[in-house]
**Student:** 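Have a look at this one.
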There are 2 protein chains.
Amino acid sequence: MVPHLVTALTGPINELEQRVLDSMPAIERWFRLEWMEHTPPFYTAVDVRNAGFKLAPVDTNFYPGGWNNLTPAMLPLAVQAAQAAIEKICPEARNLLIVPENNARGTFHLSNLAQMRRIFHMAGLNVRIGSISPEVKKSTTIELPGGESITIEPVIRTKGRLGVKDFDPCTILLNNDLRAGVPGILEEVNEQYLLPPLHASWTTRRKSTHFKAYEEVAKRFGKLIGVDPWLINPMFDKYGVVDLVTPAGIDALVQRVDAMLTKVKKKYKEYGIKERPFVVIKADNRTSGNAILSVRDTKDLETKLRKMGAGLDAAPAPLELILQEGVLTNERVNDAVAEPVVYLMDRYVVGGFYRMHAERGEDENLSAPGSAYVPLAFAESTHLPQPGVRPGASAPNRFYMYGVIGRLAMLAGSYELEATDPDAERYD
Amino acid sequence: MVPHLVTALTGPINELEQRVLDSMPAIERWFRLEWMEHTPPFYTAVDVRNAGFKLAPVDTNFYPGGWNNLTPAMLPLAVQAAQAAIEKICPEARNLLIVPENNARGTFHLSNLAQMRRIFHMAGLNVRIGSISPEVKKSTTIELPGGESITIEPVIRTKGRLGVKDFDPCTILLNNDLRAGVPGILEEVNEQYLLPPLHASWTTRRKSTHFKAYEEVAKRFGKLIGVDPWLINPMFDKYGVVDLVTPAGIDALVQRVDAMLTKVKKKYKEYGIKERPFVVIKADNRTSGNAILSVRDTKDLETKLRKMGAGLDAAPAPLELILQEGVLTNERVNDAVAEPVVYLMDRYVVGGFYRMHAERGEDENLSAPGSAYVPLAFAESTHLPQPGVRPGASAPNRFYMYGVIGRLAMLAGSYELEATDPDAERYD
């Protein structure tokens, strides 16, 4: 089953699809050359939005959960990609320790852990799951609905190394985005590979750094295949620390939102798009509160912002914002809004699924905390475009295009991690 | 659909399967370490035989055809593996030239070429097909039953390079085993990657060299997982140039066959195997005639050999033989004998299928020239063993085991190509 686009199947997105398909060898070569210079993140999930006239990543996750949402048919690809990833990092590896979320008791996260364990076991590793939560004091086995079980053990820290009882891993894989900050137990783990690196966590990350890197990638890619980079790139504006208390502070933000709405309107006009533009106001780093606001006009914005500011008083850090051009999602399964998520392991697209929610609108954030979503696995591989099929008419072609956009965001993630690496040698 | 074993599902093969599954992380690690030291052949197909008590490769092909026999579900794996292979050899590659068999007009070979073109195109290359046959003087397009078409062009040789009209490839991929010898047009192609290398062809290859390398691999692997290497290794005896004309020459061969039968009988006794052992007499290099003989006892062997000798007078080169322990194939689909073939791209198992022939016996060669065989794609991936399932009861587990044996043979192929490389620097 493949979600359909509610927009007519003509227009910019199909031109983009055609360009992407026609340029396939050039695109793949370009990625190959990029991977000679840059290191892909260990694993990545990219939220993509297809507005019918524009296709863009809206979030790049370095600690993807939800591996259990992929179809069984995608498992071999994930295993093969995991083998390639391990081979590169630590070919002598016997043991892999997965660090789950601190509160890992939910069935969803546990099923995800079971799937990750399966992938890395099949790739040839002994896999154990070690929690860094101070609450986890002894090994606990939890049964899963399908009959599998997951054992979560407390990690044991020795000088320079992390492990669990009688298990000394070569590599530690975080599946925990450390949103509350990097705990001491993960610092100075110097004798093992700790992946993703700590600066991939939200303590260091800024969405604006990612989208700046993505903007660069999108420009170069646009040039490569001859399309306006705006078709794959959401405009953004790094706002920095916001003042939501004084009228001057609020007014300054309203001005910037207005400026971006104007810019987006101009682009819509250029392409004859009839939709109403909107701007999303987000926290630049995920840890400073979950502020998120979709704005179609600035009329009531002042009031909303004042309310938001009042609610954020208790935020642990000064609130930093990023403004981003809103990208509609115009895919629907029945009446539910669907947002594709592309899964990558090392440099390879291994699958994806649709995140859906019947109750949310097309301009809302589908992965908002607490939103229960229905995963719908891509029906076909992203690897198998069908050249010669009419643009917009082929699911494999659309998935290939999603895989390309996912890889562009992942490449931007690679640039981002290089730019923020505290240990990198700088020559500039 | 999965062929069933006619032997009871108990006994040595299930012990082997259990050992292989239990040792999965150790096995995968072992392969990873091997690939740090050795280069896998570009692509490989391995014929495997499952006797119910023994599982062994009987042929390793460096120029595999039959890619069209893999299921569509295996295509993404092949594409991903092809990307890894290309990345390693020539990341800047734009263009790939496939050299087909000289007589490439059969639908089967053409469908194979179409599938190979699809795989490498999806991996991001422009693919053209260039024949080295002197008969191919102009570009010819042939329609395939499925609606696809294949264009075969004559190659154009310039100093140091090979291509077709307006197409200069980075890599030339032979899908032609050069059984009639290496043609001048392929010599001194110094500016491009020519894969597999010319010494992978039967002009240089000897089955005995391959099986000597395989014997070494099997011994080390047997030690790794704690099994008798004989369970995965067919005994062999490199006979060298044979004299089938004088009685003394024939008698010498009969003696050696007898000696091997005795050795195999001893092994059968050790394992309580009730089958009658047999020995296969083959040409050591494929080019010196298609001599092949299955021998259960040496009673009529002299007569048979004399007849064979008379038929071989016109052989282009002195006949070199190898004696090999026969391995029964005890898998059946309905009543047809089935022989698994494992397909590998670079170091990855990407799929496989069963070669079947209702009219041939369990001790005969299923890929004998002219034998029409029915391909049956493996129903499941070789990547997905199911730990905990009773040995012999799970198709994915059996396929995983076949994938391991296929990789052992491929690794032996890698040793073989290193040992026979005319350009290698020798330190011994």
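None of these values were measured; they are calculated from a predicted model. The chains referred to below are lettered A, B, ... by the order of the sequence lines, with proteins before strands, and numbering in each begins at 1. Just so you know, these numbers use all the heavy atoms, side chains as well, and skip hydrogens, waters and symmetry mates.
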**Student:** First locate atom CG of B/Leu77, then atom CE of A/Met74, and finally report the distance between them rounded to the nearest 0.5 Å.
**Tutor:** 12.0 Å
**Student:** Check each atom of A/Arg118 against the heavy atoms of chain B and say whether the ones under 4.5 Å are side chain, backbone, both or neither.
**Tutor:** neither
**Student:** About how many Å separate CD of A/Gln83 and OH of B/Tyr348, when rounded to the nearest 0.5 Å?
**Tutor:** 6.5 Å
**Student:** Does B/Lys165, at its NZ atom, have more than 12 non-hydrogen atoms belonging to other residues, nucleotides or ligands within less than 6.0 Å?
**Tutor:** no
**Student:** Taking A/Pro91 as the fixed residue, which of B/Arg29, B/Glu34, B/Met36 is the one that meets the side chain to side chain contact (heavy atoms under 4.5 Å, CB included) rule?
**Tutor:** B/Met36
**Student:** Search all heavy atoms of B/Gln80 against all heavy atoms of A/Val350 and return the closest pair with its distance.
**Tutor:** OE1-CG1, 4.4 Å
**Student:** What heavy-atom pair brings A/Pro25 and B/His121 nearest, and what distance separates the two atoms?
**Tutor:** CG-CE1, 3.8 Å
**Student:** How long is the span from the CE atom in B/Met122 to the CD atom in A/Glu28, to the nearest 0.5 Å?
**Tutor:** 11.0 Å
**Student:** Measure B/Ala123 against the heavy atoms of chain A and call it side chain, backbone, both or neither at under 4.5 Å.
**Tutor:** backbone
**Student:** Using a 4.5 angstrom heavy-atom cutoff, name the option from A/Ile27, A/Asn126, A/Asn95 with the most pairs to chain B.
**Tutor:** A/Asn126
